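Structure below; questions to follow.
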Amino acid sequence: MTARTYGQFCGLARALEIIGERWSMLVIRDLVLGPKRYDELQQGLPKIPTSILSTRLNELERHGVVQRRVLSQLDAGVVYELTEYGNDLDQILLQLGLWGARSLTDPAADDLFTLDAAILSLYTTFQPDAARGVQCSFELHYSAEEMGDQMIVHAVVEDGAMTAGEGPHPDPDIIIEPRGPVMLKLLNGELAAANALTCGAVAVKGDPARLELFARLFRIPSAPSKTEGLVTH
């Protein structure tokens, strides 16, 4: 199959030729957190046709972004993982995710919020400058209403740095349980932490003041106001 090109001698054009096809960046998103088997990628991207997933993996492998590796365990399964070149996309992916988050509204009825998206949303929205001198561990519980199954993720903030992952934290300073799709409003400042507690949109276990801290450390900046009509100077 002949590769499609933009016919431009330009780094951006070349980047889009490599990763700009539909689903490519979401495949990369789901590999940023670590290697995955083919069926694990399917699970995280349930709406992608099997033929398209195979095609995208082959394309990304051909361009040196993704590689296959045989596991050393007895089952000798094959996983897909990012190469060193592919891993260079991590900060680009986070910045692009934050840019897109500024335009998010309430999710549609069939929109999925996956485990990888939940973890990466913490990395995407984390504000290291606001976390200087802060030591705190957060545990987030997403209910079946948002996910279809309960999902737990955690984040540990240590003096301007943050790590996040799947599952509970052994000793969280606060457990946060959003009720309904309220987390977006908390992160973008549309809903204040105190109001979220008062109206019952968020339940916590631990010091309620930690919810305000969470909202300060994980933020989605406001998008610039849209202009109407023709802009003149």
Side-chain angles (χ1 to χ4, degrees), residues 26 29-30 32-34 44 90-108 111-224:
L26 293 185
R29 178 201 69 184
D30 285 2
V32 161
L33 296 174
D90 60 354
Q91 292 303 313
I92 297 170
L93 184 141
L94 294 179
Q95 289 296 318
L96 187 59
L98 183 60
W99 183 82
R102 296 162 75 189
S103 295
L104 282 176
T105 56
D106 288 339
D111 280 351
L112 299 174
F113 185 53
T114 67
L115 175 63
D116 284 349
I119 295 172
L120 284 173
S121 71
L122 293 169
Y123 283 106
T124 298
T125 60
F126 179 61
Q127 305 294 310
D129 288 342
R132 304 296 179 197
V134 173
Q135 307 281 334
C136 192
S137 57
F138 303 92
E139 186 173 299
L140 287 84
H141 292 205
Y142 293 97
S143 68
E145 185 177 348
E146 291 94 37
M147 251 314 275
D149 294 302
Q150 188 181 58
M151 182 172 65
I152 299 175
V153 297
H154 66 269
V156 178
V157 176
E158 295 183 314
D159 192 18
M162 191 275 297
T163 57
E166 177 184 1
H169 185 273
D171 186 24
D173 291 301
I174 185 172
I175 296 175
I176 302 170
E177 299 179 6
R179 294 170 176 170
V182 70
M183 190 58 73
L184 175 65
K185 292 181 174 63
L186 189 64
L187 298 184
N188 66 17
E190 185 177 337
L191 179 64
N195 293 340
L197 291 171
T198 300
C199 71
V202 176
V204 300
K205 296 177 182 177
D207 184 358
R210 298 281 187 175
L211 182 63
E212 185 176 349
L213 174 64
F214 176 84
R216 191 164 69 248
L217 298 182
F218 299 89
R219 299 289 294 170
I220 300 174
S222 300

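Keep in mind the model is a prediction, meaning the values are calculated, not measured. Any value given below was found using the heavy atoms of this structure, including those in side chains, with hydrogens, waters and symmetry copies removed.
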- Is there a side-chain contact between R210 and V204 (heavy atoms, below 4.5 Å)? no
- Message: Taking the basic N atoms (NZ, or NE/NH1/NH2) and the acidic carboxylate oxygens, is any pair closer than 4.0 Å for E139 and K205?
- Response: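 So E139 does not pair with K205 through a salt bridge.
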- Message: Using every non-hydrogen atom in the two residues, find where R102 and P221 come nearest and quote the distance to one decimal.
- Response: CG-O, 3.1 Å
- Query: Does atom CD of E212 have more than 12 heavy-atom neighbours from other groups under 6.0 Å away?
  - Reply: no
- Heavy-atom distance under 4.5 Å between the side chains of W99 and T124, does that happen here?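 No, their side chains stay 4.5 Å or more apart.
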- Under 3.5 Å: donor-acceptor pair, side chain of Q127, backbone of T125: yes
- Task: Would you check, one step at a time, whether the test side-chain contact (heavy atoms from CB on, under 4.5 Å) holds for L120 with L94?
- Result: CA-CA 8 Å; L120 284 173; L94 294 179; 4.1 Å; yes
- Query: Taking C-beta and beyond as the side chain, do L140 and F214 meet within less than 4.5 Å on heavy atoms?
  - Reply: yes
- How far apart are the closest heavy atoms of L191 and A196, and which atoms are they? CD2-CB, 3.6 Å
- Query: Within the side chain of S137, is there an N or O that forms a donor-acceptor pair under 3.5 Å with the backbone of D173?
  - Reply: yes
- Hey, does C136 have a side-chain heavy atom less than 4.5 Å from the side chain of E158?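 No - every pair of side-chain heavy atoms lies 4.5 Å or more apart.
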- Whether R179 side chain and V202 backbone form a donor-acceptor pair below 3.5 Å: no
- Message: Using modelled atom types and a 3.5 Å cut-off, is there a donor and acceptor pairing between side-chain atoms of H154 and backbone atoms of G167?
- Response: yes
- Item | Side chain to side chain, N195 and L197, heavy atoms closer than 4.5 Å | no
- Spacing of CD belonging to E166 relative to CG belonging to D116, to within rounding of 0.5 Å: 8.5 Å
- Query: Are side-chain heavy atoms of K185 and I220 found at a separation under 4.5 Å?
  - Reply: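 Contact flag for K185/I220 side chains = no.
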- Item | Sidechain-backbone polar pair: T163 side chain, V157 backbone, donor-acceptor under 3.5 Å |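 No, T163 side chain to V157 backbone: no donor-acceptor pair under 3.5 Å.
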- Task: Please report the closest heavy-atom contact between E190 and N188, naming both atoms and the distance.
- Result: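 So the two residues come closest at N-OD1, 2.9 Å.
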- Member of L217, V156, L122, I175 meeting the side chain to side chain contact (heavy atoms under 4.5 Å, CB included) criterion with F138: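 Of all the options given, the one that passes is L217.
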- Message: Show the nearest heavy-atom pair for residues A131 and F126, with the distance to one decimal.
- Response: CB-CZ, 3.5 Å
- Which atoms form the tightest heavy-atom contact between A117 and R29, and what is the distance?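 That closest heavy-atom pairing would be CB-NH1, 4.3 Å.
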- Message: Quick check: do P178 and L186 have side-chain heavy atoms less than 4.5 Å from each other?
- Response: no
- Message: I'd like to know if the side chain of D159 reaches the main chain of V134, judged simply by a donor and an acceptor atom lying under 3.5 Å from each other, with no hydrogens or angles considered.
- Response: no
- Would you give the length of the straight line joining atom CD1 of I119 to atom CE of M151, rounded to the nearest 0.5 angstrom?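 With rounding to 0.5 Å, CD1 (I119) is 8.0 Å from CE (M151).
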- Do you know the tightest heavy-atom contact between G160 and P128?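 Closest approach of G160 to P128: O-CB, 3.4 Å.
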- Query: Once the angle between the rings of F113 and Y142 is folded into 0 to 90°, is it parallel (under 30°), tilted (30 to 60°) or perpendicular (over 60°)?
  - Reply: perpendicular
